Amino acid sequence: MELLFCACLGVLIACGIYLMLRGRTFPVIMGLTLLGYAVNMFLFVSGRLKTNLPAVISPDQAQYTDPLPQALVLTAIVIGFAMVAFVVVLALRASGELGSDHVDGGEEKKS
Amino acid sequence: MNHLIIAPLLLPLVMGAVIVIGVNRSLAWQRTLGLLSSLAITLMTAVLLYQATTGPIQMYVLGDWSPPFGIILVLDRLSAMMIFITSVLALLCLLYAVRGTDEQGKNFHALFQFQLLGINGAFLTGDIFNLFVFFEIMLLSSYGLVLHGAGATRTRAGMHYVMLNLMGSSIFLIGVGLLYGLLGSLNMADMAVRLAHAPADNAALLQAGGLILFGVFALKAALMPLFFWLPNAYGFTSAPVAALFAVMTKVGVYVILRVYTLIFGDYAGGAANVLEPWLLPVALVTLVAGSIGVVASRDLRRTIAYMVVVSVGTLLAVIGTFETDAIAAAIVYLPHTTFMTAAMFLIADLIRQQRLDAGTVLTPDRPVGQERLLGLMFLGGAVAIGGLPPLSGFTAKVMMLTGVQSSSAAPWIWTLVLVGGLFGLIALGRAGSVIFWKTVPLDDGGSDAYSKPPHSGIPVYGGGYVLPVLVLLAISPLLVLCGGPLSEFAAAVAEQISQPVQYVEAVLGGDAVALLLSAAGGR
């Protein structure tokens, strides 16, 4: 399972970085979103991967999974959603105001 | 438990929310609430600063969940000083903003209060994940403030600012996740203790975690090569926002100082002093790049924005020696540079409004309406920021240069700080002579602006308009006059920072200190 998880993370981050380096705002936002997903999964796994274990400590449970990363991920997801919503609106406004969806507000003229 | 510690967070949070609810009420109502809130925060932080100066490190435990399990706020001398600087600066910026900037769009006052919440929170928190949360609050409101008033250049610069910082937040979380996975704690004092006992196998990963976090803090502080967003974002946003943001890069400086002396300090085992080989060279390169930007800019606001980069480079180069004397000198320089760059942003805005054609672009235009007033203010700001006697820039620089004397990098720091200062003077001298002397004739052909009333269409500033700027400028001689107490205070701050044991003891108690020291002794 660790290998599968790492591979997923690696693919997500690689795709995210590739998309972030594109010139138009939409791929860049997609890249930021993918990177955000990868980061959330990474945070989640910082409590180690365990299956079928509760996150609540109780006397009749010998083992439990670390509940803190789950709380952290929840916070990170909420903040990430707000940020993506904001940047989408900003990108729409920029393409309206600047007349281009290029991240620099217009492409360099080819001479 | 001292409940005053959480007040600088609660008050802007509640006030911001109230102002959001009343967004359709009159601007006067919003202004009154915003100003009252900022004034109250200033008074509270002044009391906190007094308590921190005279007393020990204090801790505020939210919900009484004792550390390391719950969330804590920690007030030591450094954080008390930072929140005091922030609130004084915010009050003055808001006084300037109510003269018209806040009319350009809705929600300025609410965003301003949330901005204060984020900055104060980042200074007070004792928990690295909450540092992330407060960073996000700070950034989200700063996105709104940067774009306040709109305009195509502002949107374009804001776009870069937002995207870079979103990426920075992701990387911050990677660093935090890495450290949590290895240490199992997010409380900064607890992390310091656990890091001291971390197995040697993990040293490389821990170092990587520490340096990943440095990448994020360097983006916030605008270090080379991560400062390219700053000149555009600060140069094109509205003046009071740019002036307030003079303290935002200092958040990065503060966090670097806090994390790399407390968590990755002397006791951190395999990851001890992980930043020491990096910080000084990076800061010096930033200083050089910023200085080149200062002389290369063709716009006064961009010149000043590059001066923010130069000041961060100077501060972190001096801090990068990690010597107590040098850190104390940097603490003296920090309020000076924050207030003076803020004052220069506001002066540039006053000049912009009276130069109808050129604005702050450095090309000849008709003379400004109030030449004597603006010229003298510009001169005062330039003398202070350029580091000439008798104002505070000079004394602070002398202290920094003597503070780093014992470091082996002293020749580099001396040369680059002094050359950077010279570049700043050249740039400001050139800007001043273009703006005030190299003027084109007035409409009626006369060039003698002194004997004529200002030409038509130019706003004339009354006393209330320039008062916040004058107060900001007056802080500089005040810092010189209070030089003795200030340097004593700075020495006390530096002493507290260079002894992380005090911080750990205040948060976790004596047992944790024994644990921390036993690891250091056993090595």
Side-chain angles (χ1 to χ4, degrees), chain A residues 9 12-13 16-17 20-22 25 27-29 31-49 66-69 71-73 75-106, chain B residues 68-71 118 127-130 132-144 146-147 150-187 205 209 212 216 228-229 232 236:
Chain A
L9 270 184
L12 271 177
I13 287 193
I17 290 177
M20 272 197 308
L21 297 175
R22 309 291 293 170
T25 48
V28 173
I29 294 171
L32 283 171
T33 317
L34 284 185
L35 193 70
Y37 288 150
V39 166
N40 288 342
M41 286 171 71
F42 180 80
L43 260 188
F44 187 75
V45 84
S46 68
R48 305 296 183 271
L49 285 171
D66 190 347
L68 193 67
L72 300 186
V73 168
T75 316
I77 288 175
V78 173
I79 292 177
F81 262 137
M83 293 295 177
V84 169
F86 179 83
V87 78
V88 167
V89 172
L90 178 63
L92 279 174
R93 182 169 137 182
S95 74
E97 265 183 18
L98 304 169
S100 161
D101 66 345
H102 196 271
V103 285
D104 289 331
Chain B
F69 302 106
I71 294 170
D127 172 306
I128 205 161
F129 193 78
N130 275 301
F132 164 76
V133 174
F134 282 120
F135 264 15
E136 293 305 301
I137 296 174
M138 181 175 93
L139 289 171
L140 198 48
S141 27
S142 79
Y143 301 155
V146 160
L147 296 165
T153 45
R154 221 170 262 188
T155 309
R156 182 164 49 209
M159 192 86 188
H160 294 171
Y161 176 69
V162 172
M163 285 180 166
L164 269 174
N165 276 303
L166 280 180
M167 202 173 66
S169 306
S170 301
I171 296 170
F172 194 164
L173 281 178
I174 293 180
V176 169
L178 197 57
L179 290 179
Y180 179 76
L182 295 167
L183 298 176
S185 181
L186 291 166
N187 180 302
L205 272 176
I212 286 174
V216 185
F228 293 100
W229 54 272
N232 283 334
F236 294 128

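Chain identifiers are assigned alphabetically (A, B, ...) following the order of the sequence lines, protein sequences preceding nucleic acid strands; residue numbering begins at 1 within each chain. The analysis underlying the following values was restricted to heavy atoms, covering all of them including side chains, and did not include hydrogens, waters or symmetry mates. Being a predicted model, the structure only gives us computed values, none of them experimental.
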**Request:** For B:Ser170, check side chain to side chain donor-acceptor pair (under 3.5 Å) against everything at least two apart and list the hits.
**Result:** none
**Fill in**
Closest non-hydrogen contact found for B:Thr155 with A:Glu97 is OG1-OE1, 2.6 Å
**Message:** Heavy-atom pairs under 4.5 Å with chain B - which of A:Gly36, A:Ala82, A:Gly80, A:Pro69 has more of them than the others?
**Reply:** A:Pro69
**Prompt:** With respect to chain A, which residue among B:Ile174, B:Ile137, B:Val133 yields the maximal number of heavy-atom pairs within a distance under 4.5 Å?
**Reply:** B:Ile174
**Item:** Per-residue contact mode, B:Tyr143 against chain A (heavy atom under 4.5 angstrom)
**Value:** both
**Message:** If the test is side chain to side chain contact (heavy atoms under 4.5 Å, CB included), which one of A:Val87, A:Ile29, A:Leu35 qualifies with B:Leu166?
**Reply:** A:Val87
**Complete:** Closest non-hydrogen atoms of B:Met163 and A:Val103, given as atom of the first, atom of the second and distance, are SD-CG1, 4.3 Å
**Asked** For A:Leu98, is it the side chain, the backbone, both or neither that has a heavy atom under 4.5 Å from a heavy atom of chain B?
**Response** side chain
**Item:** Rounded distance [0.5 Å steps], CD1 in A:Ile79 versus CZ in B:Phe132
**Value:** 4.5 Å
**Message:** If you count every heavy atom of other residues, nucleotides or ligands that lies below 6.0 Å from A:Phe44 atom CZ, does the total exceed 12?
**Reply:** no
**Request:** With sequence neighbours excluded, tell me which residues meet salt bridge (Lys or Arg N to Asp or Glu O under 4.0 Å) with A:Asp66.
**Result:** none
**Prompt:** How far does CD of B:Glu136 sit from CE of A:Met83, to the nearest 0.5 angstrom?
**Reply:** 4.0 Å
**Message:** Quick check: closest heavy atoms across B:Tyr180 and A:Ser46, and the distance to 0.1 Å?
**Reply:** CD2-OG, 3.5 Å
**Request:** Please look at A:Ala38 and chain B and tell me whether the side chain, the backbone, both or neither of the residue comes under 4.5 angstrom of a heavy atom of that chain.
**Result:** neither
**Minimum-distance pair of heavy atoms, taken over all atoms of B:Leu173 and A:Ala76** = CD1-CB, 3.7 Å
**Asked** For the candidates B:Leu178, B:Leu179, B:Val176, which exhibits the highest count of non-hydrogen atom pairs separated by less than 4.5 Å from chain A?
**Response** B:Leu178
**Side-chain donor/acceptor of A:Arg48 to backbone N/O of B:Gly181, under 3.5 Å** = yes
**Request:** Hey, could you give me the CG/CZ distance between B:Leu147 and A:Phe86, rounded to the nearest 0.5 Å?
**Result:** 5.5 Å
